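Input: a single structure, listed below in structure tokens.
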Amino acid sequence: MKSDYRLGIDAGGTFTDFVLADRTGQVRLFKALSTPQDPTLAIRNGLALISEELGVSPEKVVSNCDLCINGTTVGLNALITHTGAKTGLICTAGHEDSLEIRLGHKEDGYRYDADYPPATMLVPRYLRRGVRERVLSDGSVREALNEADVRAACELFRAEGVETVAISFVWSVLHPDHERRAGEIVREMLPGVVLTLGSELYPQVREYTRTSTAVVNAYLAPIMKRYVEAVDSYFRGLGARQPVRYYQSNGGLAVGQAMTDRSVYAINSGPASAPAAGQYVCEPFGHRNVITVDMGGTSFDITLTKDGSTNINKNIDFLRYRIGVPMIQVETLGAGGGSIGWIDEMGLMQMGPQSAGSDPGPACYGQGGKLPTVSDANLVLGYLNPDGLVGGRLPLDAAKAHQAIKTNLADPLKMSVERAAYGMFTIVNANMVNGIRRVTVERGYDPRDFVLVGAGGATAAHITALADAMGIDTIVLPKLASGLCAFGQIISDVKYNYMATAPLRLDKDAAYARIDELFAQIEAQGVAHLKCDGFKGKDIVTKRSLDMRYVGQVHECTVEIGTFKVDAKSIGKVKDAFHKRHKELYTYAEPASTVEVVNIESTLYGVVDKPARMAIGKGVTPQKALKGHRDAVFSADGKRTRTPIYDGTPLGADAVIKGPAVIEEVTTTIVIEPGWTARLDASGSYLITRDRKGAR
């Protein structure tokens with residue numbers, strides 16, 4: 001670190017988390033209610049909390065930060081609620097409907113469901129304008145660009161008040177001149193619109209994926225542009241010496257301009273930092289197989305890291321829109337502290353995905369919420385402190401939580417409030433377990449081979465129950481769990497992905513030379529970008545991959561290779577890597593078959609200095625940290641158990657607490673169920689293990 005502080009901000013649906021690290025390795029965590037109507041208001045409120053604790057002004061904090069990093073749900077929320085900008089599409093004539101044709105099938109799981117409705121189009125049909133031009137698959141021009149068609153499209157867009165335009169032509173990745181010229185005309189006639197060129201954003205084979213990615217990017221770009229300008233302006237006003245960095249869904253940082261130009265990378269901005277944080281907190285224990293789960297107020301996010309490598313998705317349907325660019329694989333479901341309990345038409349209790357959010361919030365928040373939520377259930381079950389959350393800053397009303405569950409669930413189902421609350425707890429846990437199974441069992445991983453890392457403010461109350469259901473014996477739960485994604489941001493590097501299309505058979509020297517040439521071209525762009533961002537050569541790291549397949553196959557797989565020169569001497573290593581990866585994915589390989597490359601990709605990192613690792617001193621023993629006892633429920637019969645409550649703040653390293661117990665940290669509450677034991681490690685994480693007699 002070059003300055004006194006580094007600040008990470010993660011804006012969630014209910015809370016915005018702030019993590020402030022200093023030179024000594026001390027890390028402070030703060031939380032403020034999110035303000036979707038004006039995200040900068042939550043930032044202002046959070047900085048006020050930081051200022052109050054440190055006794056210095058927000059201006060002094062920000063001006064003494066080497067990096068201020070922001071993860072945001074602005075792009076994701078706009079896509080979920082369809083509140084993006086009014087978008088126009090210019091495409092090759094005859095391809096205006098490719099977005100709706102969607103390669104001729106629905107998403108997996110709904111292909112044979114005749115009642116499944118079509119996806120909402122981000123660009124209505126009348127704003128998809130075809131222009132006459134045609135490039136063939138060898139890159140030759142069959143028909144020149146008809147500029148009059150482009151101008152006519154611009155006239156329509158001007159009349160309709162279009163804010164943003166995407167341009168995507170067939171085979172533009174091999175001959176981008178038509179797209180570039182069309183872009184020049186759009187900039188000339190519509191100087192105020194935001195422009196996205198498919199061949200620049202996603203220069204890869206597959207026209208539908210490229211067009212859909214360009215449209216999603218264009219749809220979000222004005223929203224992100226306004227957000228970035230507001231945040232950048234706010235921090236500049238506070239004296240920030242470095243530009244604000246924004247977290248991307250590819251797992252790295254970017255400056256605001258890059259986030260505006262590549263807004264599609266903002267979709268999973270917040271949860272994408274969880275794997276980096278999960279690996280970091282597991283390093284002291286030597287674990288490299290990590291499942292990180294993040295339960296906030298609105299959603300539950302799951303990421304998986306195997307052997308230190310986090311799953312990356314490309315060419316996926318996300319919220320029903322095909323996105324080609326690399327994204328950290330995040331499984332998200334509507335299961336958070338604000339998830340609402342309800343009774344379906346068959347008289348069965350259900351949980352979520354509807355959420356009370358931060359306004360009005362759970363009934364126990366006392367802000368007008370009347371419906372029972374997970375947080376209300378946890379309060380009734382005795383897990384949460386009735387005096388309030390976030391160190392008492394968020395008071396809780398146990399009577400309102402009790403009444404919400406009684407009125408809406410317990411009385412209609414003719415059961416006690418305690419049994420209804422435990423039913424809510426059990427059902428939301430089952431929903432989360434199903435999500436974990438989707439990223440483990442359904443993809444060939446045994447969850448018992450992994451460590452479970454808890455993130456998010458609500459996760460710690462459920463973590464031992466989740467591990468028990470999955471057969472996982474080890475949990476790592478950092479003291480910073482409530483803000484772990486914000487912490488992941490401050491230990492991450494700047495990261496950019498550069499791509500090119502290279503449809504080449506690996507059977508001649510000319511193909512090898514072309515691949516090597518393309519790698520050199522795209523990496524030169526990345527290096528120049530990072531140098532402008534202040535990175536020197538020694539701080540720039542490059543990783544390469546190829547999308548490869550056997551000749552005749554329809555789909556390809558991504559293969560990581562080294563940064564060596566691709567030529568006749570090294571091509572054997574490339575082919576061997578492909579055969580190995582193909583066998584891992586599909587159980588077989590064909591070493592005698594001809595291999596071809598479809599696309600290439602280089603990932604360039606600007607390596608950022610990391611803060612010193614957090615350390616916990618001796619502190620007090622569990623006996624001295626004992627605050628008292630509460631009656632808590634750990635079984636479906638609703639029977640209450642006298643449970644010790646510990647203050648986690650003064651606990652020292654190697655403190656051991658056996659369940660049943662509750663440990664109250666400032667921003668999270670850890671429920672240790674019977675059969676589990678927690679030990680506070682010097683690294684600042686609780687290592688929670690299943691008791692040997694209860695091990696599976």
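Keep in mind it's a predicted model, so treat the numbers as computed, not measured.
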message = With side chain to side chain donor-acceptor pair (under 3.5 Å) as the criterion, how do Asn77 and Thr73 come out once you've worked through the C-alpha distance, each side chain's angles and the decisive distance to 0.1 Å?
response = CA-CA 6 Å; Asn77 292 341; Thr73 57; 3.2 Å; yes
ask   = Can you list the residues that meet the salt bridge (charged side-chain N to carboxylate O under 4.0 Å, His left out) rule with Arg262, with sequence neighbours excluded?
value = none
key: Heavy-atom pair with the smallest gap, counting every atom of Gly648 and Tyr686   = CA-OH, 3.7 Å
message = Between Asp10 and Lys31, does any side-chain N to carboxylate O distance fall below 4.0 Å?
response = no
Test item: Thr474 and His287 side chains (from C-beta on) under 4.5 Å apart, heavy atoms = yes
query = Side chains of Asn385 and Thr669: closer than 4.5 Å at any heavy-atom pair?
reply = no
ask   = In this structure, which one of Val374, Thr373, Leu379 forms a side chain to side chain contact (heavy atoms under 4.5 Å, CB included) with Asp376?
value = Thr373
request  = Evaluate the side chain to side chain donor-acceptor pair (under 3.5 Å) criterion for residues Asp681 and Ser683: first the C-alpha distance (whole Å), next the side-chain angles of each, then the deciding distance (0.1 Å), finally the verdict.
outcome  = CA-CA 5 Å; Asp681 188 73; Ser683 64; 2.7 Å; yes
query = Would you say Ser602 and Ile600 make side-chain contact, with heavy atoms under 4.5 Å?
reply = no
message = Would you say CD of Glu560 has more than 12 non-hydrogen atoms from neighbouring residues, nucleotides or ligands within 6.0 angstrom?
response = no
key: Minimal non-hydrogen separation, Gly652 against Leu680, with atom names   = O-CD2, 3.5 Å
request  = Could you note down all residue pairs passing side-chain hydrogen bond (donor to acceptor under 3.5 Å, both in side chains) where residues 449-467 supplies at least one of them, sequence neighbours left out?
outcome  = Asn378-His462, Asn429-His462
query = Would you say the side chain of Arg613 lies within less than 4.5 Å of the side chain of Pro284, judging by non-hydrogen atoms?
reply = yes
query = Under 3.5 Å, is there a donor-acceptor pair between the Thr72 and Asn70 side chains?
reply = no
request  = Of all the heavy-atom pairs spanning Phe634 and Pro660, show the shortest one and how long it is.
outcome  = CE1-CB, 3.7 Å
query = Is atom CZ of Arg448 surrounded by more than 12 heavy atoms (other residues, nucleotides or ligands) closer than 6.0 Å?
reply = no
Side-chain heavy atoms of Ile657 within contact of Leu651, under 4.5 Å = yes
request  = Could you point out which residue of Lys610, Arg245, Lys543 forms a salt bridge (charged side-chain N to carboxylate O under 4.0 Å, His left out) with Asp493?
outcome  = Lys610
key: Gln489 side chain near Val19 side chain, heavy-atom distance below 4.5 Å   = no
task = Decide yes or no for Arg679 and Val656: does some side-chain heavy atom of the first lie under 4.5 Å from some side-chain heavy atom of the second?
result = yes
Residues, nucleotides or ligands: over 12 heavy atoms within 6.0 Å of Lys627 NZ = yes
query = After noting the C-alpha distance and the side-chain angles of Thr305 and Thr310, does the key distance pass the side chain to side chain donor-acceptor pair (under 3.5 Å) rule?
reply = CA-CA 4 Å; Thr305 299; Thr310 301; 2.8 Å; yes
task = Start with the C-alpha gap between Tyr202 and Asn599, add the side-chain angles, then the distance that decides, and say whether side chain to side chain donor-acceptor pair (under 3.5 Å) holds.
result = CA-CA 11 Å; Tyr202 183 66; Asn599 301 306; 5.3 Å; no
